[in-house]
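So you know, we letter chains A, B, ... as the sequences are listed, proteins then strands, and number each from 1. No hydrogens, no waters, no symmetry mates; every other heavy atom, side chains included, goes into these values.
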Protein chains: 2
Amino acid sequence: MARVGLTTERLVLAGAELADEIGFANVTASALARRFDVAVASLYAHVKNFPELRTRIALLALAELADRATDALAGRSGKDALVALGNVYRDYAREHPGRYAAAHLTLDAEAAAASAGPQHARMTRALLRGYDIAEPDATHAVRLLGSVFHGYVTLEAEGGFSHSAPNSDESWAWTLDALDTLLRKWSTK
Amino acid sequence: MARVGLTTERLVLAGAELADEIGFANVTASALARRFDVAVASLYAHVKNFPELRTRIALLALAELADRATDALAGRSGKDALVALGNVYRDYAREHPGRYAAAHLTLDAEAAAASAGPQHARMTRALLRGYDIAEPDATHAVRLLGSVFHGYVTLEAEGGFSHSAPNSDESWAWTLDALDTLLRKWSTK
DNA sequence: CTATTCTGCCTATAGCTTTTAGGTTAGCGG
DNA sequence: CCGCTAACCTAAAAGCTATAGGCAGAATAG
(Lines give C-alpha, C1' and ligand atoms only; values in the text may rest on other atoms or scores of the structure.)
Protein backbone atom coordinates (compact mmCIF):
# COMPACT_ATOMS: atom_id res chain seq x y z
CA MET A 1 0.00 0.00 0.00
CA ALA A 2 1.24 3.42 -0.99
CA ARG A 3 3.15 4.89 1.91
CA VAL A 4 2.21 8.46 2.65
CA GLY A 5 5.43 9.33 4.46
CA LEU A 6 4.12 10.32 7.85
CA THR A 7 6.49 11.90 10.33
CA THR A 8 5.89 13.47 13.69
CA GLU A 9 6.58 16.90 12.18
CA ARG A 10 4.10 16.45 9.35
CA LEU A 11 1.47 15.28 11.81
CA VAL A 12 2.01 18.26 14.08
CA LEU A 13 1.93 20.69 11.18
CA ALA A 14 -1.21 19.15 9.75
CA GLY A 15 -2.74 19.24 13.22
CA ALA A 16 -1.97 22.95 13.42
CA GLU A 17 -3.59 23.57 10.04
CA LEU A 18 -6.59 21.55 11.09
CA ALA A 19 -6.83 23.58 14.28
CA ASP A 20 -6.95 26.79 12.25
CA GLU A 21 -9.71 25.36 10.08
CA ILE A 22 -11.99 23.67 12.59
CA GLY A 23 -10.77 24.91 15.98
CA PHE A 24 -8.14 23.49 18.29
CA ALA A 25 -10.74 21.74 20.43
CA ASN A 26 -11.96 19.79 17.41
CA VAL A 27 -8.57 18.49 16.35
CA THR A 28 -9.00 14.76 16.74
CA ALA A 29 -6.74 11.86 15.90
CA SER A 30 -9.32 10.48 13.52
CA ALA A 31 -9.74 13.80 11.71
CA LEU A 32 -5.99 13.92 11.28
CA ALA A 33 -5.92 10.35 9.97
CA ARG A 34 -8.67 11.19 7.51
CA ARG A 35 -6.67 14.14 6.26
CA PHE A 36 -3.78 11.84 5.40
CA ASP A 37 -6.15 9.10 4.22
CA VAL A 38 -4.57 6.69 6.63
CA ALA A 39 -5.84 4.39 9.38
CA VAL A 40 -6.04 6.02 12.79
CA ALA A 41 -3.76 3.43 14.36
CA SER A 42 -0.97 4.43 11.97
CA LEU A 43 -0.58 7.73 13.77
CA TYR A 44 0.50 5.98 16.95
CA ALA A 45 3.79 5.03 15.32
CA HIS A 46 4.69 8.73 15.31
CA VAL A 47 3.01 10.13 18.42
CA LYS A 48 2.75 8.42 21.75
CA ASN A 49 -0.84 9.48 22.29
CA PHE A 50 -3.29 12.20 21.56
CA PRO A 51 -2.46 14.60 24.40
CA GLU A 52 1.14 14.52 23.25
CA LEU A 53 0.05 15.63 19.81
CA ARG A 54 -1.85 18.52 21.34
CA THR A 55 1.10 19.73 23.37
CA ARG A 56 3.34 19.43 20.29
CA ILE A 57 0.93 21.69 18.41
CA ALA A 58 1.09 24.10 21.35
CA LEU A 59 4.89 24.09 21.25
CA LEU A 60 4.84 24.76 17.53
CA ALA A 61 2.52 27.72 17.98
CA LEU A 62 4.60 29.17 20.81
CA ALA A 63 7.74 28.85 18.71
CA GLU A 64 6.16 30.46 15.64
CA LEU A 65 4.90 33.31 17.78
CA ALA A 66 8.34 33.78 19.32
CA ASP A 67 9.91 33.91 15.86
CA ARG A 68 7.51 36.59 14.73
CA ALA A 69 8.03 38.55 17.92
CA THR A 70 11.79 38.43 17.54
CA ASP A 71 11.53 39.77 13.99
CA ALA A 72 9.07 42.45 15.00
CA LEU A 73 11.20 43.76 17.82
CA ALA A 74 14.43 43.90 15.84
CA GLY A 75 15.53 47.48 15.43
CA ARG A 76 12.54 49.00 17.19
CA SER A 77 12.08 50.56 20.59
CA GLY A 78 9.57 52.55 22.59
CA LYS A 79 6.07 52.81 21.25
CA ASP A 80 7.20 51.48 17.91
CA ALA A 81 8.24 48.24 19.57
CA LEU A 82 5.09 48.12 21.70
CA VAL A 83 2.84 48.39 18.66
CA ALA A 84 4.88 45.86 16.73
CA LEU A 85 4.75 43.29 19.49
CA GLY A 86 1.05 43.77 20.10
CA ASN A 87 0.36 43.34 16.41
CA VAL A 88 2.34 40.12 16.33
CA TYR A 89 -0.06 38.54 18.80
CA ARG A 90 -3.19 40.00 17.29
CA ASP A 91 -2.28 39.20 13.71
CA TYR A 92 -1.20 35.69 14.58
CA ALA A 93 -4.46 35.04 16.42
CA ARG A 94 -6.46 36.29 13.47
CA GLU A 95 -4.47 34.39 10.86
CA HIS A 96 -4.17 31.24 12.94
CA PRO A 97 -6.96 31.08 15.52
CA GLY A 98 -6.47 27.37 16.17
CA ARG A 99 -2.74 27.72 16.69
CA TYR A 100 -3.26 30.71 18.96
CA ALA A 101 -5.67 28.71 21.08
CA ALA A 102 -3.15 25.88 21.16
CA ALA A 103 -0.49 28.26 22.43
CA HIS A 104 -2.56 28.72 25.57
CA LEU A 105 -2.96 25.04 26.31
CA THR A 106 -1.84 24.53 29.88
CA LEU A 107 1.43 22.60 29.72
CA ASP A 108 2.98 20.44 32.41
CA ALA A 109 6.09 21.79 34.07
CA GLU A 110 8.74 20.18 31.84
CA ALA A 111 6.94 20.99 28.60
CA ALA A 112 6.42 24.55 29.76
CA ALA A 113 10.08 24.98 30.60
CA ALA A 114 11.16 23.54 27.25
CA SER A 115 8.71 25.74 25.38
CA ALA A 116 9.15 29.21 23.94
CA GLY A 117 6.90 30.52 26.72
CA PRO A 118 9.66 32.03 28.86
CA GLN A 119 11.10 33.61 25.71
CA HIS A 120 7.90 35.61 25.33
CA ALA A 121 8.25 36.99 28.82
CA ARG A 122 11.88 37.92 28.09
CA MET A 123 10.91 39.72 24.90
CA THR A 124 8.23 41.72 26.63
CA ARG A 125 10.77 42.63 29.28
CA ALA A 126 13.21 43.65 26.56
CA LEU A 127 10.58 45.90 25.06
CA LEU A 128 10.26 47.66 28.40
CA ARG A 129 13.91 48.67 28.31
CA GLY A 130 12.86 51.43 25.95
CA TYR A 131 10.74 52.82 28.78
CA ASP A 132 13.35 52.45 31.49
CA ILE A 133 11.14 51.04 34.23
CA ALA A 134 12.72 49.74 37.44
CA GLU A 135 11.84 46.52 39.27
CA PRO A 136 9.42 45.45 40.54
CA ASP A 137 7.34 47.71 38.29
CA ALA A 138 8.92 46.10 35.25
CA THR A 139 7.56 42.68 36.18
CA HIS A 140 4.14 44.15 36.87
CA ALA A 141 4.26 45.84 33.50
CA VAL A 142 5.24 42.61 31.74
CA ARG A 143 2.21 40.96 33.27
CA LEU A 144 -0.04 43.85 32.36
CA LEU A 145 1.08 43.84 28.74
CA GLY A 146 0.63 40.08 28.52
CA SER A 147 -2.84 40.39 30.01
CA VAL A 148 -3.94 43.14 27.65
CA PHE A 149 -2.59 41.46 24.54
CA HIS A 150 -4.03 38.08 25.40
CA GLY A 151 -7.30 39.42 26.73
CA TYR A 152 -7.94 41.72 23.80
CA VAL A 153 -7.11 39.07 21.25
CA THR A 154 -9.31 36.40 22.78
CA LEU A 155 -12.28 38.68 23.40
CA GLU A 156 -11.98 39.86 19.82
CA ALA A 157 -11.90 36.26 18.62
CA GLU A 158 -15.02 35.49 20.65
CA GLY A 159 -16.72 38.21 18.67
CA GLY A 160 -17.06 40.50 21.66
CA PHE A 161 -16.04 43.65 19.80
CA SER A 162 -17.82 43.12 16.52
CA HIS A 163 -21.38 44.00 17.46
CA SER A 164 -21.13 47.76 17.77
CA ALA A 165 -19.21 50.82 16.73
CA PRO A 166 -16.42 51.83 16.97
CA ASN A 167 -14.72 49.00 15.14
CA SER A 168 -12.10 46.87 16.76
CA ASP A 169 -9.12 48.34 14.90
CA GLU A 170 -9.80 51.71 16.48
CA SER A 171 -10.07 50.29 19.97
CA TRP A 172 -6.85 48.39 19.41
CA ALA A 173 -4.99 51.51 18.34
CA TRP A 174 -6.45 53.40 21.30
CA THR A 175 -5.39 50.60 23.64
CA LEU A 176 -1.80 50.60 22.40
CA ASP A 177 -1.79 54.37 22.79
CA ALA A 178 -3.04 54.09 26.33
CA LEU A 179 -0.41 51.50 27.22
CA ASP A 180 2.31 53.71 25.79
CA THR A 181 1.30 56.73 27.83
CA LEU A 182 0.97 54.53 30.89
CA LEU A 183 4.44 53.08 30.50
CA ARG A 184 5.97 56.47 29.87
CA LYS A 185 4.38 57.72 33.03
CA TRP A 186 6.05 54.96 35.04
CA SER A 187 9.37 55.56 33.42
CA THR A 188 12.12 56.59 35.82
CA LYS A 189 13.68 58.65 33.04
CA MET B 1 -36.31 1.83 40.55
CA ALA B 2 -35.66 4.70 42.89
CA ARG B 3 -36.12 7.97 41.03
CA VAL B 4 -33.40 10.48 41.57
CA GLY B 5 -35.45 13.52 40.63
CA LEU B 6 -33.43 14.92 37.74
CA THR B 7 -34.32 18.29 36.34
CA THR B 8 -32.61 20.47 33.80
CA GLU B 9 -31.57 22.86 36.58
CA ARG B 10 -30.03 20.15 38.71
CA LEU B 11 -28.12 18.82 35.72
CA VAL B 12 -26.76 22.23 34.83
CA LEU B 13 -25.76 22.95 38.41
CA ALA B 14 -24.07 19.58 38.78
CA GLY B 15 -22.33 20.19 35.46
CA ALA B 16 -21.02 23.48 36.77
CA GLU B 17 -19.71 21.83 39.93
CA LEU B 18 -18.13 19.11 37.87
CA ALA B 19 -16.49 21.75 35.70
CA ASP B 20 -14.93 23.37 38.75
CA GLU B 21 -13.61 20.01 39.90
CA ILE B 22 -12.27 18.48 36.70
CA GLY B 23 -12.26 21.34 34.20
CA PHE B 24 -14.97 22.54 31.83
CA ALA B 25 -13.45 20.65 28.90
CA ASN B 26 -13.77 17.38 30.80
CA VAL B 27 -17.44 17.75 31.66
CA THR B 28 -18.98 14.83 29.84
CA ALA B 29 -22.50 13.51 29.75
CA SER B 30 -21.33 10.17 31.12
CA ALA B 31 -19.44 11.78 33.99
CA LEU B 32 -22.61 13.67 34.85
CA ALA B 33 -24.69 10.49 34.69
CA ARG B 34 -22.20 8.72 36.96
CA ARG B 35 -22.49 11.54 39.45
CA PHE B 36 -26.25 10.96 39.68
CA ASP B 37 -25.82 7.19 39.43
CA VAL B 38 -28.13 7.12 36.48
CA ALA B 39 -27.94 5.72 32.95
CA VAL B 40 -26.53 8.19 30.43
CA ALA B 41 -29.60 8.04 28.23
CA SER B 42 -31.72 9.32 31.12
CA LEU B 43 -30.13 12.74 30.78
CA TYR B 44 -31.61 13.20 27.34
CA ALA B 45 -35.06 13.58 28.82
CA HIS B 46 -33.87 16.86 30.37
CA VAL B 47 -31.37 18.25 27.87
CA LYS B 48 -31.63 18.12 24.11
CA ASN B 49 -28.00 17.24 23.66
CA PHE B 50 -24.58 17.73 25.07
CA PRO B 51 -23.70 21.09 23.46
CA GLU B 52 -26.92 22.48 24.90
CA LEU B 53 -25.82 21.41 28.36
CA ARG B 54 -22.51 23.21 27.85
CA THR B 55 -24.17 26.44 26.77
CA ARG B 56 -26.54 26.21 29.73
CA ILE B 57 -23.56 25.97 32.04
CA ALA B 58 -22.09 28.99 30.29
CA LEU B 59 -25.31 30.94 30.79
CA LEU B 60 -25.35 30.00 34.47
CA ALA B 61 -21.80 31.23 34.92
CA LEU B 62 -22.48 34.49 33.10
CA ALA B 63 -25.54 35.09 35.26
CA GLU B 64 -23.72 34.32 38.51
CA LEU B 65 -20.93 36.67 37.49
CA ALA B 66 -23.40 39.40 36.63
CA ASP B 67 -25.05 39.00 40.04
CA ARG B 68 -21.76 39.36 41.83
CA ALA B 69 -20.82 42.33 39.69
CA THR B 70 -24.11 44.07 40.43
CA ASP B 71 -23.60 43.61 44.15
CA ALA B 72 -20.01 44.76 43.97
CA LEU B 73 -20.81 47.95 42.11
CA ALA B 74 -23.69 48.98 44.34
CA GLY B 75 -22.81 52.13 46.19
CA ARG B 76 -19.30 52.41 44.83
CA SER B 77 -17.70 54.66 42.25
CA GLY B 78 -14.31 55.63 40.91
CA LYS B 79 -11.36 53.51 41.85
CA ASP B 80 -13.41 51.82 44.52
CA ALA B 81 -15.78 50.48 41.88
CA LEU B 82 -12.93 49.58 39.54
CA VAL B 83 -11.22 47.47 42.18
CA ALA B 84 -14.48 45.85 43.22
CA LEU B 85 -15.41 44.85 39.68
CA GLY B 86 -11.96 43.54 38.90
CA ASN B 87 -12.01 41.44 42.04
CA VAL B 88 -15.37 39.99 41.11
CA TYR B 89 -13.88 38.46 37.98
CA ARG B 90 -10.63 37.37 39.57
CA ASP B 91 -12.24 35.88 42.65
CA TYR B 92 -14.88 34.07 40.64
CA ALA B 93 -12.25 32.59 38.34
CA ARG B 94 -10.23 31.36 41.30
CA GLU B 95 -13.21 29.96 43.20
CA HIS B 96 -14.88 28.50 40.12
CA PRO B 97 -12.31 27.91 37.38
CA GLY B 98 -14.59 25.58 35.43
CA ARG B 99 -17.50 27.97 35.51
CA TYR B 100 -15.24 30.86 34.51
CA ALA B 101 -14.00 28.87 31.52
CA ALA B 102 -17.60 28.07 30.65
CA ALA B 103 -18.46 31.76 30.71
CA HIS B 104 -16.13 32.23 27.76
CA LEU B 105 -17.61 29.50 25.64
CA THR B 106 -18.41 31.05 22.29
CA LEU B 107 -22.20 31.22 22.06
CA ASP B 108 -24.32 31.40 18.96
CA ALA B 109 -26.06 34.68 18.28
CA GLU B 110 -29.40 34.00 20.01
CA ALA B 111 -27.82 32.42 23.08
CA ALA B 112 -25.39 35.33 23.33
CA ALA B 113 -28.18 37.88 23.11
CA ALA B 114 -30.22 36.07 25.77
CA SER B 115 -27.19 35.75 28.05
CA ALA B 116 -25.93 38.09 30.73
CA GLY B 117 -23.02 38.99 28.42
CA PRO B 118 -24.36 42.39 27.35
CA GLN B 119 -25.11 43.13 31.00
CA HIS B 120 -21.41 42.87 31.75
CA ALA B 121 -20.59 45.43 29.12
CA ARG B 122 -23.26 47.75 30.54
CA MET B 123 -21.87 47.41 34.05
CA THR B 124 -18.37 48.20 32.92
CA ARG B 125 -19.74 51.23 31.13
CA ALA B 126 -21.57 52.23 34.27
CA LEU B 127 -18.35 52.02 36.22
CA LEU B 128 -16.79 54.48 33.79
CA ARG B 129 -19.37 57.11 34.66
CA GLY B 130 -17.30 57.77 37.74
CA TYR B 131 -14.47 58.81 35.45
CA ASP B 132 -16.57 60.93 33.10
CA ILE B 133 -15.13 59.73 29.82
CA ALA B 134 -16.79 60.77 26.55
CA GLU B 135 -17.51 58.54 23.54
CA PRO B 136 -15.85 56.96 21.70
CA ASP B 137 -13.19 56.76 24.40
CA ALA B 138 -15.69 55.19 26.75
CA THR B 139 -16.21 52.22 24.46
CA HIS B 140 -12.49 51.84 23.99
CA ALA B 141 -12.08 51.91 27.75
CA VAL B 142 -14.80 49.28 28.24
CA ARG B 143 -12.91 47.00 25.87
CA LEU B 144 -9.61 47.72 27.55
CA LEU B 145 -10.97 46.89 31.00
CA GLY B 146 -12.55 43.72 29.72
CA SER B 147 -9.29 42.72 28.08
CA VAL B 148 -7.19 43.35 31.17
CA PHE B 149 -9.56 41.56 33.53
CA HIS B 150 -10.01 38.55 31.29
CA GLY B 151 -6.39 38.40 30.22
CA TYR B 152 -4.99 38.70 33.72
CA VAL B 153 -7.37 36.14 35.14
CA THR B 154 -6.71 33.53 32.47
CA LEU B 155 -2.95 33.97 32.44
CA GLU B 156 -2.98 33.66 36.21
CA ALA B 157 -5.07 30.49 35.95
CA GLU B 158 -2.59 29.05 33.45
CA GLY B 159 0.05 29.52 36.11
CA GLY B 160 1.85 32.21 34.18
CA PHE B 161 2.42 34.44 37.20
CA SER B 162 3.28 31.87 39.81
CA HIS B 163 6.86 31.05 38.91
CA SER B 164 8.64 34.17 40.06
CA ALA B 165 8.49 37.12 42.41
CA PRO B 166 6.70 39.43 42.88
CA ASN B 167 3.57 37.46 43.65
CA SER B 168 0.42 37.79 41.66
CA ASP B 169 -1.54 39.77 44.25
CA GLU B 170 0.95 42.59 44.03
CA SER B 171 0.84 42.69 40.25
CA TRP B 172 -2.93 42.71 40.40
CA ALA B 173 -3.00 45.66 42.78
CA TRP B 174 -0.46 47.46 40.63
CA THR B 175 -2.54 46.77 37.54
CA LEU B 176 -5.73 48.17 39.06
CA ASP B 177 -3.74 51.19 40.14
CA ALA B 178 -2.42 51.68 36.64
CA LEU B 179 -5.89 51.40 35.14
CA ASP B 180 -7.20 53.96 37.59
CA THR B 181 -4.56 56.53 36.76
CA LEU B 182 -5.06 55.84 33.08
CA LEU B 183 -8.81 56.37 33.26
CA ARG B 184 -8.42 59.55 35.33
CA LYS B 185 -6.06 60.87 32.70
CA TRP B 186 -8.69 60.37 30.00
CA SER B 187 -11.38 61.98 32.08
CA THR B 188 -12.89 65.07 30.57
CA LYS B 189 -13.63 66.41 34.02
C1' DC C 1 21.33 -8.72 -7.36
C1' DT C 2 19.60 -11.39 -3.76
C1' DA C 3 18.63 -11.96 1.16
C1' DT C 4 17.60 -9.95 5.43
C1' DT C 5 16.08 -6.68 8.40
C1' DC C 6 13.58 -2.73 9.57
C1' DT C 7 9.53 -0.09 9.75
C1' DG C 8 5.51 2.23 7.84
C1' DC C 9 1.07 1.20 7.56
C1' DC C 10 -2.47 -2.28 7.95
C1' DT C 11 -6.61 -5.07 10.31
C1' DA C 12 -8.77 -6.48 14.46
C1' DT C 13 -10.26 -5.48 18.83
C1' DA C 14 -11.57 -3.37 23.28
C1' DG C 15 -13.42 0.31 25.90
C1' DC C 16 -15.26 4.73 26.09
C1' DT C 17 -18.42 8.49 24.42
C1' DT C 18 -22.88 10.61 22.31
C1' DT C 19 -27.39 9.93 20.66
C1' DT C 20 -31.85 7.54 19.24
C1' DA C 21 -35.67 4.23 19.91
C1' DG C 22 -38.59 1.92 22.54
C1' DG C 23 -39.99 -0.44 26.98
C1' DT C 24 -41.21 -0.40 32.00
C1' DT C 25 -42.79 1.49 36.25
C1' DA C 26 -43.48 5.06 39.85
C1' DG C 27 -46.58 8.08 41.58
C1' DC C 28 -50.03 11.52 41.05
C1' DG C 29 -55.04 13.22 39.66
C1' DG C 30 -59.45 11.59 39.58
C1' DC D 1 -58.30 1.83 42.93
C1' DC D 2 -57.39 3.15 37.83
C1' DG D 3 -55.01 5.19 34.48
C1' DC D 4 -51.91 8.53 32.60
C1' DT D 5 -47.72 11.09 32.45
C1' DA D 6 -43.08 11.25 32.69
C1' DA D 7 -38.89 9.50 34.83
C1' DC D 8 -35.81 6.14 34.14
C1' DC D 9 -34.44 1.89 31.90
C1' DT D 10 -32.13 -1.44 28.23
C1' DA D 11 -30.53 -2.02 23.57
C1' DA D 12 -28.08 -0.53 19.85
C1' DA D 13 -25.59 2.36 16.35
C1' DA D 14 -21.86 5.32 15.32
C1' DG D 15 -17.54 7.77 16.35
C1' DC D 16 -13.24 8.34 19.22
C1' DT D 17 -8.65 6.69 21.61
C1' DA D 18 -5.56 3.10 22.23
C1' DT D 19 -3.16 -1.63 21.98
C1' DA D 20 -1.56 -5.87 19.63
C1' DG D 21 0.07 -8.18 16.06
C1' DG D 22 0.65 -8.90 10.80
C1' DC D 23 2.26 -7.83 6.03
C1' DA D 24 4.79 -5.76 2.60
C1' DG D 25 7.81 -1.78 0.86
C1' DA D 26 12.26 0.12 1.48
C1' DA D 27 16.76 0.20 3.07
C1' DT D 28 20.93 -2.32 3.81
C1' DA D 29 24.46 -6.19 3.80
C1' DG D 30 26.86 -9.36 1.40
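Here dT19(D) presents its P atom at 12 Å from CD of Glu52(A), a figure rounded to the nearest Å. We find that CG of Asp37(A) is positioned 12 Å from C1' of dC9(C), with the value rounded to whole Å. Residue Leu11(B) contributes atom CG, which lies 13 Å from atom P of dT18(C) at whole-angstrom precision. Distance OH (Tyr44(B)) to C1' (dA6(D)): 19 Å, rounded to an integer number of Å. Straight-line distance from the CG atom of Leu43(B) to the C1' atom of dT20(C): 14 Å, rounded to whole Å. Counting to the nearest Å, the P atom of dT19(C) and the CG atom of Leu53(B) are 10 Å from each other. Per the geometry, CG belonging to Asn26(A) stands 11 Å off P belonging to dC16(D), to the nearest Å. Rounded to whole Å, atom P of dC9(C) lies 13 Å from atom CG of Leu32(A).
Closest approach of Val153(B) and Arg90(B) over heavy atoms only: CG2-CA, 3.5 Å.
Proximity of Arg34(A) to the phosphate of dC16(D): a side-chain N or O atom is located under 4.0 Å from OP1 or OP2. Contact between the side-chain N/O atoms of Arg54(A) and the OP1/OP2 oxygens of dT17(D) is not found at any separation under 4.0 Å. Applying the 4.0 Å criterion to OP1 and OP2 of dT17(D), one finds that Thr28(A) has a side-chain N or O inside that range. Look at His46(A) and you'll find a side-chain N or O under 4.0 angstrom from OP1 or OP2 of dC9(C). At least one side-chain nitrogen or oxygen of Ser42(A) sits closer than 4.0 Å to the OP1 or OP2 atom of dC10(C).
Proximity note for Val4(B) (side chain, C-beta onward) versus dA18(D), dT19(D), dC8(D): the nearest is dC8(D). Comparing dA18(D), dC9(D), dC8(D) by their closest approach to the side chain of Leu6(B) singles out dC8(D). Distance from the side chain of Ala39(A) is smallest for dC10(C) among the nucleotides dC10(C), dT17(D), dT18(C). Of all nucleotides listed (dT17(D), dT10(D), dA12(C)), dT17(D) comes nearest to the side chain of Ser30(A). Distances were taken from every side-chain heavy atom of Phe50(A) (C-beta onward) to each of dT18(C), dC8(D), dT17(D); the shortest belongs to dT17(D).
Backbone-only contact: Val38(B) has heavy atoms under 4.0 Å from sugar-phosphate atoms and none from a base.
A salt bridge is defined here as a Lys NZ or Arg NE, NH1 or NH2 lying under 4.0 Å from an Asp or Glu carboxylate O, and Arg68(B) with Glu64(B) fails to meet this definition. The pair Glu170(A)-Arg143(B) does not count as a salt bridge, with every side-chain nitrogen at least 4.0 angstrom from each carboxylate oxygen.
Tyr100(A) and Thr154(A) share no donor-acceptor pair across their side chains, judged by distance under 3.5 Å alone.
Place Lys48(A) and Ala31(A) on DNA chain D by their nearest nucleotides, and Ala31(A) ends up nearer the 5' end.
Taking 4.5 Å as the limit, every side-chain heavy atom of Lys79(A) sits out of range of all side-chain heavy atoms of Leu183(A).
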